[in-house]
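Have a look at the structure below before the remarks.
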Amino acid sequence: MNALMIFDAEDIGEDMEDHKDPLELMLPISGCNIRKVLIDEGSSINILFYDMFKRMELNDEQLMTSYYTIYGFNGAPTKPLGDIVLEVKAGLMKASTRFSVVNAPSPYNAIIGRRWVHKLKGVAATYHQYLRFPTPEGVMEIKGDQLTARECQDLQINSIVNKKSSVKPEGGKRKLQLKTRRSICISNRSQGKA
């Protein structure tokens with residue numbers, strides 16, 4: 001479990017030279033393969049968005065009470081609906097992970113913070129677009145999905161633009177609101193995908 005983890009020039013594809021993409025992965029969470037999981041090492045908590053919570057066929061009775069407010073991820077203080085502990089797998093490794101369930105719009109299905117990465121003793125490299133972590137069988141890796149990460153970023157930017165365009169200008173008339181696409185991820189337990 002003390003394997004050396006190296007990121008080098010061979011990990012970088014030709015189209016990756018000057019990107020600004022976040023690290024977005026597909027991870028098995030509680031038996032469902034969940035797409036659009038943002039790895040955010042700046043976050044001290046893990047977030048599962050309520051629409052994904054419902055698509056995973058989880059129910060509100062499973063939620064534990066949250067006694068805190070989340071600041072920062074959507075620009076406003078947000079009170080979680082509750083917390084839930086779910087198993088998250090990464091290759092051979094699995095970790096019981098506490099998620100704050102939040103009912104807020106997001107292009108992502110979940111946000112995984114640094115505590116989970118630290119549990120794996122992993123290294124998340126946004127530039128290289130990999131999560132690497134030691135296992136008893138050597139270093140394993142999960143490659144990021146840059147295309148999906150870019151789609152999520154575009155949705156997030158459009159959402160911000162929409163909020164700004166709905167502000168009333170002088171004279172009391174509303175500016176034209178831009179329409180945004182909603183990210184569609186359908187949970188299918190029989191296939192284990194979301």
Side-chain angles (χ1 to χ4, degrees), residues 1-49 52-53 56 70-75 78 80 83-102 104 106-157 159-160 183 185 192-194:
M1 296 286 291
N2 292 327
L4 185 62
M5 286 181 276
I6 298 172
F7 295 89
D8 59 30
E10 291 178 14
D11 295 323
I12 305 299
E14 290 177 21
D15 61 337
M16 293 176 61
E17 277 301 314
D18 188 28
H19 73 85
K20 58 181 186 281
D21 304 325
L23 183 56
E24 183 277 329
L25 306 175
M26 195 251 324
L27 291 172
I29 302 176
S30 189
C32 269
N33 289 330
I34 307 297
R35 291 180 55 241
K36 298 184 181 182
V37 177
L38 175 67
I39 302 299
D40 182 1
E41 290 192 288
S43 178
S44 60
I45 63 170
N46 305 302
I47 296 171
L48 180 64
F49 291 97
M52 188 73 248
F53 174 86
M56 292 172 71
I70 301 170
Y71 294 90
F73 85 92
N74 66 355
T78 303
D83 290 355
I84 190 166
V85 176
L86 302 171
E87 183 179 84
V88 180
K89 293 176 99 175
L92 303 172
M93 308 303 285
K94 54 187 170 185
S96 292
T97 306
R98 186 179 191 106
F99 287 90
S100 292
V101 178
V102 174
S106 174
Y108 300 102
N109 291 318
I111 299 173
I112 298 278
R114 63 181 169 266
R115 287 184 184 179
W116 182 81
V117 175
H118 291 177
K119 272 187 185 180
L120 288 181
K121 298 180 181 166
V123 177
T126 56
Y127 180 68
H128 295 87
Q129 287 291 297
Y130 280 105
L131 171 67
R132 290 194 174 139
F133 49 95
T135 73
E137 295 182 10
V139 174
M140 292 194 79
E141 65 185 28
I142 301 173
K143 176 100 172 105
D145 182 346
Q146 280 186 283
L147 181 60
T148 302
R150 289 174 185 168
E151 289 171 1
C152 288
Q153 276 188 314
D154 289 345
L155 288 170
Q156 202 163 29
I157 290 167
S159 175
I160 292 167
S183 170
C185 281
K193 293 183 180 179

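Only this structure's heavy atoms are used, side chains among them; waters, hydrogens and symmetry mates stay out. Note that this is a predicted model, so its numbers are computed, not measured.
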How long is the straight-line distance from CG of Leu147 back to CD of Glu24, given to the nearest 0.5 Å? 9.5 Å

Please report the interatomic distance CG(Asn109) to CZ(Arg35), rounded to the nearest 0.5 Å. 8.0 Å

4.5 Å side-chain heavy-atom contact, [X] and [Y]:
X: Leu27; Y: Ile34; result: no
X: Ile39; Y: Trp116; result: yes
X: Phe133; Y: Val117; result: no
X: Leu86; Y: Thr97; result: no
X: Leu48; Y: Met56; result: yes
X: Leu38; Y: Cys152; result: no

What are the two closest heavy atoms between [X] and [Y], and how far apart are they?
X: Ala90; Y: Ile142; answer: CB-CD1, 3.9 Å
X: Phe49; Y: Tyr108; answer: CD1-O, 3.4 Å
X: Lys143; Y: His128; answer: NZ-O, 4.1 Å
X: Ser100; Y: Ile70; answer: CB-CD1, 4.0 Å

Residues in side chain to side chain contact (heavy atoms under 4.5 Å, CB included) with Lys89, at least two apart?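 Result, side chain to side chain contact (heavy atoms under 4.5 Å, CB included) vs Lys89: Pro28, Glu87, Lys94.
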
Side chain to side chain contact (heavy atoms under 4.5 Å, CB included) partners for Arg98, two or more places apart: Met64, Asp83, Val85

Sequence neighbours excluded, which residues qualify as salt bridge (Lys or Arg N to Asp or Glu O under 4.0 Å) partners of Asp145? none

For Asp40, which residues count as a salt bridge (Lys or Arg N to Asp or Glu O under 4.0 Å) partner, sequence neighbours excluded? none

For the pair Gln129 (side chain) and Pro22 (backbone), establish whether a donor and an acceptor sit closer than 3.5 Å, ignoring hydrogens and angles. yes

With no hydrogens and no angle check, is any side-chain donor or acceptor of Asp21 less than 3.5 Å from a backbone partner on Arg150?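 No, because the side chain of Asp21 does not come within donor-acceptor range (under 3.5 Å) of the backbone of Arg150.
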
Asn46: partners by side chain to side chain donor-acceptor pair (under 3.5 Å), with sequence neighbours left out: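 Side chain to side chain donor-acceptor pair (under 3.5 Å) list for Asn46, sorted by chain: empty.
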
Evaluation steps, side chain to side chain contact (heavy atoms under 4.5 Å, CB included), between Leu131 and Leu120: CA-CA 10 Å; Leu131 171 67; Leu120 288 181; 4.2 Å; yes

Only one of Arg115, Arg114, Lys121 passes side chain to side chain contact (heavy atoms under 4.5 Å, CB included) with His118, and that residue is Arg114

Contacts of type ring pair (Phe, Tyr, Trp, His ring centres under 6.0 Å), residue Phe99, not counting sequence neighbours: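 If we apply the ring pair (Phe, Tyr, Trp, His ring centres under 6.0 Å) test to Phe99, skipping adjacent residues, there are no hits.
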
